[in-house]
Amino acid sequence: MKDFPVDIEATLFCGQCFGWQKEGGVFQSVVNGVHVQFEEESFLSALAKDGRLEHYFDMDGLYAEANEHLSLLDPKLSSAVRRFGGLHILNQDPFEVLICFILSQNNNIARIRQMYAKLAQTYGKAVNDTLHAFPLASDMKNATEEDFRKLGMGFRAPYLVDAIQKQAILQQVPSLDFEKALELLMTIRGVGPKVGHCILLYGFHRMEAFPMDTWMQKVMITWYPGKDSTYFAPYAGIAQQYLFHYARTEGLQ
DNA sequence: GGCCAGGCCCCAG
DNA sequence: CTGGGGCATGGC
């Protein structure tokens, strides 16, 4: 099994994160308060300059093993791995993931990106003239439901307030088993099963997580009738991301 | 210019 | 516990 190079485009625009821009071949965002900018060809040297980026891009992830395992399960996954085997699950900041996926409900990715930018611009620390970090919980601790509604966050505004108030529970998650962690996260208003799984996958790298959104429901009915996420164990999270991206970019057929 | 979006809350049965 | 209406907003 050949080792897949990182598919930067798919990794950054597959709907697991919402803060990256690509203009004229340049990828740009703020990661953990640090401005990050690189072109495709200089990706590896960008990683070398900042060791924390290696963790962010999950360069130590078990993709060779995971891809081999998933490829052998069935033809659809084999095809998905060939196409998207370089898609990595990022190690994102859990609070940022919490907020982003509360925003994601009954929403589309383009607008989630807009709302992300709005929060960063309004509450995040500036890293240069034009770019702001995504806000920390402490940056938004005084924001009210009305503030968020004025910013265009809609019916999710009160959920954001509750999430900011309860953000400390994120620190308990790493020590909990999956079901307990999910249960705890769902005590935050606006966090249900799907958003909870997203937080555990994208914020805590829990590979048992298998977010079931409308796309994945179609995927399971069409391609995996009668099966559930345990079929993909122990790489359910990775399989979910490949299949989600597959369905969204190329349809269900 | 409607339709719909990486769901969840809330309230009936 | 299961099902269905309602929800803010703007991209398409």
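Every chain is numbered from 1 and lettered A, B, ... according to where its sequence line falls, protein lines coming before strand lines. The figures that follow rest on heavy atoms only: side chains count, while hydrogens, waters and symmetry mates do not.
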Please tabulate, for the side chains in residues 41-49 of chain A, all donor-acceptor contacts under 3.5 angstrom to protein atoms that are two or more places apart in sequence or on a different chain.
unit_1	atom_1	unit_2	atom_2	d
A:Ser42	OG	A:Glu39	N	3.2
A:Ser42	OG	A:Glu39	O	3.1
A:Ser45	OG	A:Ser42	O	3.0

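In this entry the distance linking CD1 of A:Ile89 with P of B:dG6 reads 17 Å, nearest Å. The separation between A:Ile112 atom CD1 and C:dA8 atom P is 17 Å, rounded to whole Å. Distance, A:Trp215 CH2 to B:dC4 C1': 12 Å, rounded to whole Å. The CE-P distance, from A:Met153 to B:dG7, rounds to 17 Å in whole Å. For the pair A:Leu151 CG and C:dG10 P, the computed distance is 11 Å after rounding to whole Å. Between the CZ atom of A:Arg113 and the P atom of C:dG10 there is a distance of 17 Å, given to the nearest Å. Rounded to an integer number of Å, the gap from A:Met115 CE to C:dG10 P is 9 Å. We find that CD1 of A:Ile199 is positioned 12 Å from C1' of B:dG7, with the value rounded to whole Å.
Nucleotides B:dC11 and C:dA8 are separated by 15 Å at their P atoms, to the nearest Å. Remark: the separation of the C1' atoms in C:dT2 and B:dG6 is 23 Å, to the nearest Å.
Annotation: ring-ring contact (aromatic ring centres under 6.0 Å, His included) contacts involving residues 160-196 of chain A, sequence neighbours excluded, comprise A:Phe178-A:His197. For residues 138-165 of chain A, the pairs satisfying ring-ring contact (aromatic ring centres under 6.0 Å, His included) are A:Tyr123-A:Phe148, with sequence neighbours left out. Residue pairs meeting the side chain to side chain donor-acceptor pair (under 3.5 Å) criterion with at least one partner in residues 4-14 of chain A, sequence neighbours excluded, are A:Glu9-A:Lys22.
Residue A:Thr214 has a polar side-chain atom (N or O) positioned under 4.0 Å from OP1 or OP2 of B:dG7.
Contacts of A:Cys14 with the nucleic acid, taken as non-hydrogen atoms under 4.0 Å apart, include base atoms. Within the nucleic acid shown, A:Arg149 comes within 4.0 Å of sugar-phosphate atoms alone, with no base atom in reach, counting heavy atoms only. Residue A:Tyr202 is in base contact, counting any heavy-atom pair closer than 4.0 Å across all strands shown.
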Might you work through the side-chain hydrogen bond (donor to acceptor under 3.5 Å, both in side chains) test for A:His205 and A:Asn91, ending with a clear yes or no? CA-CA 7 Å; A:His205 224 67; A:Asn91 287 292; 3.1 Å; yes
Determine whether A:Tyr63 and A:Tyr235 satisfy the following criterion, ring pair (Phe, Tyr, Trp, His ring centres under 6.0 Å), listing intermediate values before the conclusion. CA-CA 9 Å; A:Tyr63 295 95; A:Tyr235 303 110; 9.0 Å; no
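Residue A:Gln240 places a side-chain atom within donor-acceptor reach of the base of B:dG6, judged by atom type and a 3.5 Å distance cut-off alone. A donor-acceptor contact under 3.5 angstrom links the side-chain atoms of A:Gln241 to the base of B:dG6.
Checked against B:dG6, B:dG7, C:dG11, the side chain of A:Asn106 finds its nearest nucleotide in B:dG7. Counting only heavy atoms from C-beta on, A:Ala110 has its side chain closest to C:dC12 among C:dA8, B:dG6, C:dC12.
The aromatic rings of A:Phe210 and A:Phe232 lie parallel to each other, with less than 30° between the two planes, well short of the 60° mark. Between A:Phe84 and A:Tyr246, the ring planes are perpendicular. Angles over 60° get that label, and only those under 30° would be called parallel.
Stem analysis of DNA chain C (at least three stacked-register Watson-Crick or G-U pairs, each with both distances under 3.5 Å) gives B:2-5 with C:9-12, B:7-13 with C:1-7.
Stacking between A:Phe244 and B:dG6 is shown: the ring centroid lies under 5.5 Å from the centre of the six-membered base ring, and the planes differ by under 30°.
Judged by distance alone, with hydrogens and angles left aside, the side-chain atoms of A:Gln16 form a donor-acceptor pair with the main-chain N or O of A:His88 at under 3.5 Å.
Checked for salt-bridge contact, A:Lys76 and A:Asp74 miss the test: no charged N lies under 4.0 Å from a carboxylate O.
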Sugar-phosphate or base contact per nucleotide [nucleotides 8-13 of chain B; S, B, -; heavy atom under 4.0 Å]: SSS---
